[in-house]
Amino acid sequence: MTGNAARWENSSAARRSRRGRPYPPAFYERDTELVARELLGAVLECHTGDGVASGRIVETEAYLGPHDPACHAVAGVTERTRHLHGPPGTAYVYRIYGMYWCFNAVTQPEGIGAAVLVRAVEPLAGLDLMRARRPRAMRDRDLTNGPGKLCTALGITGDMSGALLDSPPVVLRRGDDVPDVDVRRSPRIGITRAADWPLRWLVAGSEYVSKTPGQFRVQTV
DNA sequence: ATCCGGATCGCCT
DNA sequence: GGCGATCCGGATG
């Protein structure tokens with residue numbers, strides 16, 4: 001465990017952190033793989049003028065910083081990656097393929113350029129809102145089983161990038177912790193560089209994880 | 001100024 | 001499983 005991790009585990013903020021409480025910045029200012037693992041089971045919640053929608057995180061990926069060839073931080077600090085290099089516990093929301101948004105929680109000390117991508121959630125609240133935003137989803141699991149889909153369903157957009165995640169419009173709360181026996185890891189999805197690094201975390205057996213091309217090398221933790 | 005490829009999705013076969 | 005939609009950042013000339 002890293003020094004930062006120990007600092008979090010021993011902190012009064014950690015002891016105060018209970019189910020339903022937003023994570024403070026100290027939670028995120030740690031090893032990115034650890035944060036990706038621990039965000040399984042957390043609740044991602046988005047507030048808009050239409051109301052509140054939320055879901056339980058069942059799939060995450062770690063993007064480690066400039067030394068990770070698949071991480072946007074390899075480009076350095078640019079207009080696009082500005083918020084990736086922001087303080088821990090803030091949002092990095094970027095547009096992909098010209099059409100969709102992807103949501104990340106920034107990790108590590110400010111300026112590193114590391115983050116956790118949320119790839120899938122299990123819908124919890126605001127199902128009517130999500131169905132209205134994604135009218136083509138035939139089943140409820142199709143509302144949020146992909147990083148672009150969940151942003152559309154929850155209402156997460158680029159103007160929320162840079163915002164602290166302990167208060168609206170986007171809030172990440174501690175949920176029911178997922179025990180190690182229910183956690184799996186695999187390589188990350190949809191990337192070409194560092195494609196074999198096992199930096200994707202999933203809740204075993206969840207119906208709500210994103211579709212995987214073929215069968216992955218999946219390991220227990 | 002131009003080109004290329006991408007942390008995706010939905011529809012097609 | 002393959003492909004088109006659609007756009008921007010970064011690289012190249």
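Letters A, B, ... mirror the listed sequences (proteins, then strands); counts begin at 1.
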Between atom [atom1] in [X] and atom [atom2] in [N], what is the gap in whole Å?
{"X": "A:W101", "N": "B:dG6", "atom1": "CH2", "atom2": "P", "value": "20 Å"}
{"X": "A:I156", "N": "B:dA7", "atom1": "CD1", "atom2": "P", "value": "19 Å"}
{"X": "A:N104", "N": "B:dG6", "atom1": "CG", "atom2": "C1'", "value": "14 Å"}
{"X": "A:I191", "N": "B:dT8", "atom1": "CD1", "atom2": "C1'", "value": "14 Å"}
{"X": "A:R141", "N": "B:dC9", "atom1": "CZ", "atom2": "C1'", "value": "16 Å"}
{"X": "A:H85", "N": "C:dG9", "atom1": "NE2", "atom2": "C1'", "value": "14 Å"}
{"X": "A:L64", "N": "B:dA7", "atom1": "CG", "atom2": "C1'", "value": "13 Å"}
{"X": "A:R139", "N": "B:dC9", "atom1": "CZ", "atom2": "P", "value": "14 Å"}

Salt bridge or not between [X] and [Y]? Use side-chain N to carboxylate O under 4.0 Å.
{"X": "A:E61", "Y": "A:R188", "value": "no"}
{"X": "A:R56", "Y": "A:D176", "value": "no"}
{"X": "A:D177", "Y": "A:R19", "value": "no"}
{"X": "A:R139", "Y": "A:D142", "value": "yes"}

Minimum-distance nucleotide to [X] side chain [options: [options]]:
{"X": "A:M99", "options": "C:dT6, B:dA7, B:dG10", "value": "C:dT6"}
{"X": "A:R80", "options": "B:dG6, C:dA5, C:dG9", "value": "C:dG9"}
{"X": "A:K149", "options": "B:dT8, B:dA7, B:dG10", "value": "B:dG10"}
{"X": "A:R136", "options": "B:dA7, B:dG10, B:dG6", "value": "B:dG10"}
{"X": "A:Y92", "options": "B:dA7, B:dT8, B:dG10", "value": "B:dA7"}
{"X": "A:T78", "options": "B:dT8, C:dG10, B:dG6", "value": "C:dG10"}

Watson-Crick or G-U wobble mate for C:dT6, both contacts under 3.5 Å: none

Watson-Crick or G-U counterpart of C:dG1, or none if no pair lies under 3.5 Å: B:dC12

A:Y94 or A:R134, whichever maps to the more 5' nucleotide of DNA chain B: A:Y94

Criterion side chain to side chain contact (heavy atoms under 4.5 Å, CB included) against A:T32, the qualifying member of A:V106, A:L64, A:D68: A:L64

Sugar-phosphate, base or nothing in reach of [X], heavy atoms under 4.0 Å:
{"X": "A:L117", "result": "base"}
{"X": "A:A75", "result": "sugar-phosphate"}
{"X": "A:R95", "result": "nothing"}

A:R184 side-chain N/O to A:V181 backbone N/O, donor-acceptor pair under 3.5 Å: yes

Separation between the P atoms of C:dT6 and B:dT2, rounded to whole Å: 22 Å

Any A:T81 side-chain nitrogen or oxygen under 4.0 Å from OP1 or OP2 of C:dG9: no

